[in-house]
Amino acid sequence: MTPRLRCLVPLAALPLLALLAYAFRTDPRAIPSPLVGRPAAAFALTTFDGKPLDLAAFRGQVVVLNFWASWCVPACYDEAPALESTWRASQGRGLVVVGVAIQDAAEASRGFIRRFGLSFPNAPDPRGKVSIDYGVYGVPETFVIDRRGTIRAKHVGAVTADTLRASAEPLLTESP
């Protein structure tokens with residue numbers, strides 16, 4: 001190899017190193033969603049206990065829509081208590097939490113619901129249509145929908161009670 005060619009090889013690696021440096025400095029959960037500011041996609045599912053679950057029935061309330069799976073460890077396990085505590089603390093205040101299990105066996109999902117004592121409505125998305133309509137590419141993902149049915153926030157990864165409070169509380173004061 002000629003001396004000039006030896007100098008070019010390290011120079012060719014510089015763009016790759018710059019790209020990697022940029023990637024390591026960005027937060028993968030901070031991916032902007034094109035759905036924020038748009039109407040939430042309508043859906044109707046059947047909960048694990050056989051009741052109808054229709055997003056339209058919650059119009060006029062703030063909805064925390066969480067996509068999860070029982071095999072999603074540790075993130076879904078970490079956020080389940082925060083979702084349940086938010087649900088319990090917000091009942092009667094115009095906020096509802098809705099869970100949608102995706103790519104999961106029904107019995108495994110039921111076990112997850114029992115394990116965490118989830119009392120908010122949870123339903124399977126057996127054909128994956130709802131998760132596709134919301135552009136879900138992994139679990140957990142959580143959407144906050146205002147009283148008018150507009151998606152106001154999207155969170156990728158496990159949410160905390162503080163995150164839910166910061167996203168949903170301001171929407172409770174808005175008129176429908």
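Note that the numbering runs from 1 along the sequence shown for the chain.
Connection of Ile132 to Leu35 is not established within any shared hydrophobic cluster, with ILVMFWY side chains joined at heavy-atom distances below 4.5 Å, either directly or through further cluster members. Transitive grouping of hydrophobic side chains (ILVMFWY, heavy atoms separated by less than 4.5 Å) keeps Tyr137 and Phe143 in distinct clusters. Note on Val97: it does not cluster hydrophobically with Val156, by side-chain heavy-atom contacts below 4.5 Å among ILVMFWY residues. Under the 4.5 Å side-chain contact rule for hydrophobic residues, Ile113 and Tyr77 share a cluster.
Residues Pro81 and Asp78 share a closest heavy-atom pair of CD-O, 3.5 Å. Contact detail for Pro176 and Gly60: the closest heavy-atom pair is CB-CA, 4.3 Å. Residue Arg88 comes nearest to Ser119 through the heavy atom pair NH2-OG, 3.9 Å, listed as atom of the first residue, atom of the second, then distance. Here the closest heavy-atom approach between residue Leu45 and residue Ala123 is recorded as CB-CB, 3.8 Å. Considering every non-hydrogen atom in both Ser175 and Arg147, the closest pair reads C-CD, 4.2 Å. Pairing each heavy atom of Val73 with each of Ser70, the nearest pair is CG2-O, 4.2 Å.
In this structure, CD1 on Ile145 lies 9.0 Å from OG1 on Thr150, to the nearest 0.5 angstrom. Once rounded to the nearest 0.5 Å, the distance linking CG of Leu171 with OG1 of Thr173 reads 7.5 Å. Atom CD1 of Ile102 is separated from atom OG of Ser109 by 10.0 Å, given to the nearest 0.5 angstrom. Here CG of Leu55 is found 11.0 Å from CG of Asp133. Values are rounded to the nearest 0.5 Å. Between the SG atom in Cys72 and the CD atom in Glu141 there is a gap of 10.5 Å [rounded to 0.5 Å]. Summarising the geometry, atom CG belonging to Leu95 is positioned 11.5 Å from atom CZ belonging to Arg165; distances are rounded to the nearest 0.5 Å.
Under the 4.5 Å side-chain criterion, counting only non-hydrogen atoms from C-beta, Val63 is in contact with Val98. Contact check for Val139 versus Cys76: side-chain heavy atoms found under the 4.5 Å cut-off. Taking 4.5 Å as the limit, some side-chain heavy atom of Arg93 sits within range of a side-chain heavy atom of Glu169. Within the 4.5 Å cutoff, the side chain of Tyr134 has heavy atoms near those of the Ile151 side chain. Side chains of Lys51 and Pro121 form no contact here, defined as non-hydrogen atoms less than 4.5 Å apart. At least one side-chain heavy atom of Glu79 sits less than 4.5 Å from a side-chain heavy atom of Asn66. Looking at Leu53 and Phe48, their side chains never come closer than 4.5 Å, going by heavy atoms from C-beta outward. Taking 4.5 Å as the limit, some side-chain heavy atom of Asp104 sits within range of a side-chain heavy atom of Trp68.
Formation of a donor-acceptor pair under 3.5 Å by the Asp125 side chain with backbone atoms of Ser131 is found in this model. Counting only distance, with no hydrogens or angles, the side chain of Trp87 and the backbone of Leu118 share no donor-acceptor pair below 3.5 Å. A donor-acceptor pair is defined here as one N or O able to donate and one able to accept, closer than 3.5 Å; no such pair exists between the side chain of Arg148 and the backbone of Pro39. Side-chain N or O atoms of Thr160 include one that pairs as donor or acceptor with a backbone N or O of Thr163 at under 3.5 Å.
A salt bridge does not link Arg115 to Glu84: none of the charged nitrogens lies less than 4.0 Å from a carboxylate oxygen.
Judged as a ring-ring contact (aromatic ring centres under 6.0 Å, His included), not a single pair has a partner in residues 90-110 (not counting sequence neighbours).
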